[in-house]
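We name chains A, B, ... by the order of the sequence lines, and we start the count at 1 in each one. Every value quoted in this text rests on a predicted model; they were computed, and no experiment measured them.
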Amino acid sequence: MSYFDIIFYLFAIITVASAFIVVTTRNIVYSAYSLLLTLFGISGIYVLLGADFLAVVQIMVYVGGILILLLFGVMLTNKITSVDIRTGAVHLLPAAISSGVLLGILWAVMTWTDWKTYDAQIPSTTIFGLGKILITNYVLIFELLAILLLVALIGAASIARREESEENN
Amino acid sequence: MHVGLTHFLVVSAILFTLGIYGIVTRKNAVMVLMGIELILNAANINFVAFARYGNFGLSGQVIALFIIILAAAEAAIALAIVLNIYKTFSNVNVDEIDKLKE
C-alpha cells in the first residue's frame, strides 16, 4: 500500500463516518458540526484527485459560507432557551431498507462497470487552466452564474426581511 | 488494493445514499438542506474523479465549481424561506407545514 492509498482511506473514513453521524444523530447542532468534518474530508479527497483550487474553494465556500448559514438556520429556528434542539425522525425502517437497496445497486454499478481510465496528466497547479477555461469555453455559464448569485442574494434578503406591518404591531 | 477510480465512486455512492436517507427521515427543514448538501458533494466527487481518471481535461473541475456556486445560492434562498416559515408557523418541521399561508 502506497502513501496515496493510506491517505485516501483515511479521508474516506473521515468523510463517510461523519456523514453517517450527520444523518443519524438526534441533535441538530451535532449534525451541523459533523457536516463540517465531512466537508473537510471531501476537500482532502479533492486534493488527492489533483484539484487543488477546488479543495480551497470547497473549504472557503462550504465551511466558511454555507455551513455558517446552516448554523444560523439551526440557531434561529430552534427554541434555544427551552432546549428543544432535538429533531424528530420519521419512517426510519423503510428509509433504511430502501436506501440500503439503493446503495447496493449503486455500489454494484460502480464496481462492475468497466470504466475506461487513462492516467491523465493533471498539471501541478490547476489554477492557470481553470482560469483560462472559465473565460473561454465556459464564459456564458460563468456570467449567468454571476447574475444568478446577485438575484439569489437580493431574493434571499427580500424573502427573509421583516414585513412592515409586522413591525408596527 | 490499489486505489483507483472505483474507490472514489464508491465513496460518492455512500455519501449520496446517506444524503437520501437524511432527506427522507428527518423532520427538520434545515436537516433536509444538509442532506441536499451531501448529495451535491457526492456529485462533485464524481465529476472530479472522472476529470482525473477519464482524460477529460479540466471540464469536470469547472462543473464542480459551478455546482458549488449553485449550492451556495440554493442554501441562501432555502434558509431565507425556512426563516420565513419559522416566523409564520413557529416551527420548521416539514411534515406539519402543509399550507402556503397561515
* To do: Heavy-atom distances under 4.5 Å only: say whether B/L79 touches chain A with side chain, backbone, both or neither.
  => side chain

* Determine whether A/M110 and A/I42 fall in the same hydrophobic cluster, where Ile, Leu, Val, Met, Phe, Trp and Tyr are linked whenever their side-chain heavy atoms lie under 4.5 Å apart. => yes

* Taking A/A152, A/G155, A/A157, A/A12 one by one, which has the highest count of heavy-atom pairs under 4.5 Å against chain B? -> A/A152

* **chain B contacts, top residue of A/T113, A/L48, A/L148, A/L92 (heavy-atom pairs, under 4.5 Å)** => A/L92

* Contacting moiety of A/F4, where chain B heavy atoms sit under 4.5 Å -> side chain

* Residues that A/D114 engages under salt bridge (Lys or Arg N to Asp or Glu O under 4.0 Å), provided they are two or more places apart -> none

* To do: Output the residues of residues 62-69 of chain A for which the shortest heavy-atom distance to chain B is under 4.5 Å, in residue-number order; output 'none' if no such residue exists.
  => A/Y62, A/I66, A/L69

* **Options A/L130, A/N137, A/V151, ranked by heavy-atom pairs under 4.5 Å with chain B, top entry** => A/L130

* To do: If the plane angle is over 60° it's perpendicular, under 30° parallel, otherwise tilted; pick one for A/F8 and B/F8.
  => perpendicular

* Side chain, backbone, both or neither: which part of A/V16 has a non-hydrogen atom closer than 4.5 Å to chain B? -> both

* To do: Might you work through the side chain to side chain donor-acceptor pair (under 3.5 Å) test for B/S59 and A/Y138, ending with a clear yes or no?
  => CA-CA 9 Å; B/S59 295; A/Y138 293 94; 3.2 Å; yes

* Same cluster (ILVMFWY, side-chain, under 4.5 Å), B/V94 and A/V90 -> no

* In terms of heavy-atom proximity below 4.5 Å to chain B, should A/L103 be classed as side chain, backbone, both, or neither? -> both

* To do: Output the option from A/Y46, A/F72, A/F142, A/F20 having the highest count of non-hydrogen pairs under 4.5 Å with chain B.
  => A/Y46

* Asked: Does the side chain to side chain donor-acceptor pair (under 3.5 Å) test come out yes or no for B/N41 and A/Q58, once each step is laid out?
  -> CA-CA 10 Å; B/N41 273 293; A/Q58 167 92 359; 3.1 Å; yes

* **Among A/L70, A/T38, A/L134, residue most engaged with chain B (heavy-atom pairs, under 4.5 Å)** => A/L70

* Asked: Shared ILVMFWY cluster between B/V62 and A/I141, side chains joined below 4.5 angstrom?
  -> yes

